There are 2 protein chains.
Amino acid sequence: MIQSANHQQLKLYLKKFAIEDVFPSKLIGDLSLCYYEQGEHLCMQGDNACELFIIVKGKVKVFTTSSEGNTLILSFKTPLELIGDIEYVQKIDIINTVEAVSPLTVVRIPYKALRAHCENHPPFLKFMLGIITQKFYVKSDFLSFNLMHSVDVRLASYLLSHSFDEQHSLVTGIHSTESLKDAANLIGTSYRHLNRVLLKFIQEGLVERNSKSIVIKDWQGLKNIAGHSLYEK
Amino acid sequence: MIQSANHQQLKLYLKKFAIEDVFPSKLIGDLSLCYYEQGEHLCMQGDNACELFIIVKGKVKVFTTSSEGNTLILSFKTPLELIGDIEYVQKIDIINTVEAVSPLTVVRIPYKALRAHCENHPPFLKFMLGIITQKFYVKSDFLSFNLMHSVDVRLASYLLSHSFDEQHSLVTGIHSTESLKDAANLIGTSYRHLNRVLLKFIQEGLVERNSKSIVIKDWQGLKNIAGHSLYEK
DNA sequence: GAGATTTCAGGACATATGTCCTTTTCAAAT
DNA sequence: ATTTGAAAAGGACATATGTCCTGAAATCTC
C-alpha cells in the first residue's frame, strides 16, 4: 500500500463523487489517499477496526472464512462504497476480510478524527445512512435470492451481471481460474458443482468456454433461467 | 389496528427505551401509538411507504413472497426495532411484508413529519444509524450462516435460539402448526425436509415431539450440531 | 524441449433436498 | 360416539449438491 500526500488528487475524488461537503473542513487534513495493489488486504476479519475507507477507484471483494475453513464471498464492491462503516458505528472488530481485486484507490479516515469532528455532523451522518441502507437493501435481496433459487439460477444471474463489468461488453471475459472460484464462493456453492452447471450451460449452447474465458452465446436464454438478474450491484 | 390517543403511555415507551431525545419536541405531536392484533399486517411488499414504525412491544415476522409464490421469512423482530427505515432513507416502496405474530404495540411516525423535523437532527440520524448497522450486521451473519451450513445445522440452531423466547425456558413449546412452517420458511427449506430432519433429531434422542410442541432433550447435542448458534437475535 | 509440478476439469459415488402424493392425525359437526 | 374434512406427517422418487479422487492440461524449471 502506498499512501499519497497528494491532496489535490484527493479533492478531485471528493468532487467527482460529490461528497466534498460530507466532511467538515477541519477534518480534511485527516483524510489521506491510499493505493493498493491487486491482492493486498485492506483489513482482516477479527482485527481491531480503526479507519474508515471510501473506495473511489477499483474493486474489492469482501469475504469471510468459517471455522471449517470455507470461504464465502459476501460481495464485490466498486465506487462509491464504504469499508469499515458498520464497525465504526457499532464499535466492533472487523467483520470481514477485504481484498483488492484490481489496483485500488481509497480515501482513508481514522475513526479518531471522525469521532472528534463528525459525531454530530448531519452531512456525514446522512452520507453514512444513505450508503448503509443501500448496502442493507442489496444484502437483503441477495439473501432472498440465494435462499430461494438453485445454483443454476444463481450462476446464470452471475454470468449476466458480471459481463457488464468495466472491461468488455457482450463478449465477456470471465477468467477461468481465480474468478471461477470466486464465483463459486460468491454463489455459495462448491467449485465442483459450479463446473457441472457450467458444463450444462455449454451443452445447452448458452455459453462457450475456451482456455481463458467464458463467452455468453445466448443472452436471452440465460435471462430466462436467471429470472430477475441479481448480483448486479 | 387500534390507534391510541394515550400520549402518556407513548412517552412511557420512549422513556423505557431511552429514545425520548431522538425526536425534537415539536415532532412529538406527530407520534402515535398503535396496537395490532396477531395476524394483522403493518405493511405489504410493494406498497407505497409513508410511515416509520418503532416496535415497542410484541413480535413481528418480516417476509417476502417470490414471483413463484414461495415465502421466505427474513427475520423475526422484537423491540427495539424499526420498520420502514430503509424505505424512508432510500425513498422506495415497501420491500417486505411485515405481520404481527403476537399482540403488537408500535410507535408510528409519518415520513412527512420526519422529513420536516428530523432530516438534519443528529440524535435521530444517529439512532437510525445504530439500528440499521445492527440490522445489517445480523443480516450479513444470517446470510453467511445460511449459505455455509446444511439444514441440519440451521434447524439445530433455530431450535436452540427459539427456546429462549419470551415464554418458557428449557422446556420449549414450539407449536407444531404454524411455527414449524415458519421455521421452514426462515431456514429457507421446505416443510417436508424440515420434518425429515426433525425426525432424525428425534431418532437421535435430541428432541421429543408431542401433539402440540417440541421439547429439547439434549441441549448439548444440539449445540454440537449447531456449532455457533445463530438466529439468536 | 523434456520432465517435474501445479492447476483444472470431470468421473463416481454419497448425501441433501425438493416435489408429489398417500396415509395419518386431529378436531369440528352431527 | 361416528362421520367427515382439514391439516400434518411421512413414503417414494427425482434432482441438486458435496466430497473425494483421477486424469488432462497448463506452467515452471533446468
Side-chain angles (χ1 to χ4, degrees), chain A residues 39 66-73 144-159 173-204 206-215 225-227, chain B residues 39 66-73 144-159 173-204 206-215 225-227:
Chain A
S66 71
S67 40
E68 298 91 26
N70 291 107
T71 297
L72 178 70
I73 296 182
S144 321
F145 188 70
N146 277 292
L147 251 47
M148 299 217 269
H149 298 92
S150 68
V151 170
D152 295 47
V153 176
R154 287 183 262 161
L155 178 59
S157 173
Y158 176 87
L159 289 174
I174 297 173
H175 314 300
S176 305
T177 320
E178 267 313 291
S179 48
L180 265 193
K181 280 187 187 161
D182 276 357
N185 287 335
L186 179 69
I187 287 174
T189 189
S190 63
Y191 179 68
R192 175 66 191 92
H193 189 57
L194 181 134
N195 245 310
R196 183 157 28 210
V197 175
L198 202 51
L199 183 60
K200 199 181 75 176
F201 284 179
I202 292 168
Q203 287 166 347
E204 291 169 348
L206 297 169
V207 304
E208 246 173 41
R209 172 190 221 159
N210 60 54
S211 53
K212 288 291 176 201
S213 65
I214 290 165
V215 182
I225 294 177
Chain B
S66 71
S67 41
E68 299 91 26
N70 291 107
T71 296
L72 178 70
I73 296 181
S144 321
F145 187 71
N146 277 292
L147 250 47
M148 299 218 267
H149 298 92
S150 68
V151 170
D152 294 47
V153 176
R154 286 183 263 161
L155 177 60
S157 174
Y158 176 87
L159 289 173
I174 296 172
H175 314 300
S176 306
T177 321
E178 268 312 292
S179 47
L180 265 192
K181 281 187 186 161
D182 275 357
N185 288 334
L186 179 71
I187 287 174
T189 190
S190 62
Y191 178 68
R192 175 66 190 93
H193 189 58
L194 182 135
N195 245 311
R196 183 157 29 211
V197 175
L198 202 51
L199 183 60
K200 199 181 74 176
F201 285 180
I202 292 168
Q203 287 167 347
E204 291 169 349
L206 297 169
V207 303
E208 244 173 41
R209 172 190 222 158
N210 59 54
S211 53
K212 288 290 176 200
S213 65
I214 290 164
V215 182
I225 295 177

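Here is how names work: the chains are called A, B, and so on, in the same order as the sequence lines, proteins then strands, and each is numbered from 1. Predicted, not measured: the structure shown is a model, and the values here were computed from it.
Between the P atom of D:dG10 and the CG atom of B:Leu180 lies a distance of 11 Å, rounded to the nearest Å. Protein atom CG of A:Asn195 is 18 Å distant from nucleotide atom P of D:dG23, rounded to whole Å.
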Side chain to side chain contact (heavy atoms under 4.5 Å, CB included) between B:Asn146 and A:Leu147, intermediate numbers included: CA-CA 8 Å; B:Asn146 277 292; A:Leu147 251 47; 3.6 Å; yes

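Partners of A:Glu68 under the side-chain contact (heavy atoms from CB on, under 4.5 Å) rule, at least two apart in sequence or in another chain, are A:Ser66, A:Asn70, B:His149. Applying the side-chain contact (heavy atoms from CB on, under 4.5 Å) criterion to A:Leu199, with sequence neighbours excluded, gives A:Gln203.
Using a 4.5 Å heavy-atom cutoff, the side chains of A:His193 and A:Val151 are in contact. Contact of the B:Leu159 side chain with the B:Val207 side chain is registered, since non-hydrogen atoms from C-beta on lie closer than 4.5 Å.
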B/S/- contact track for nucleotides 13-25 of chain C, protein heavy atom under 4.0 Å: ----BBBB-----

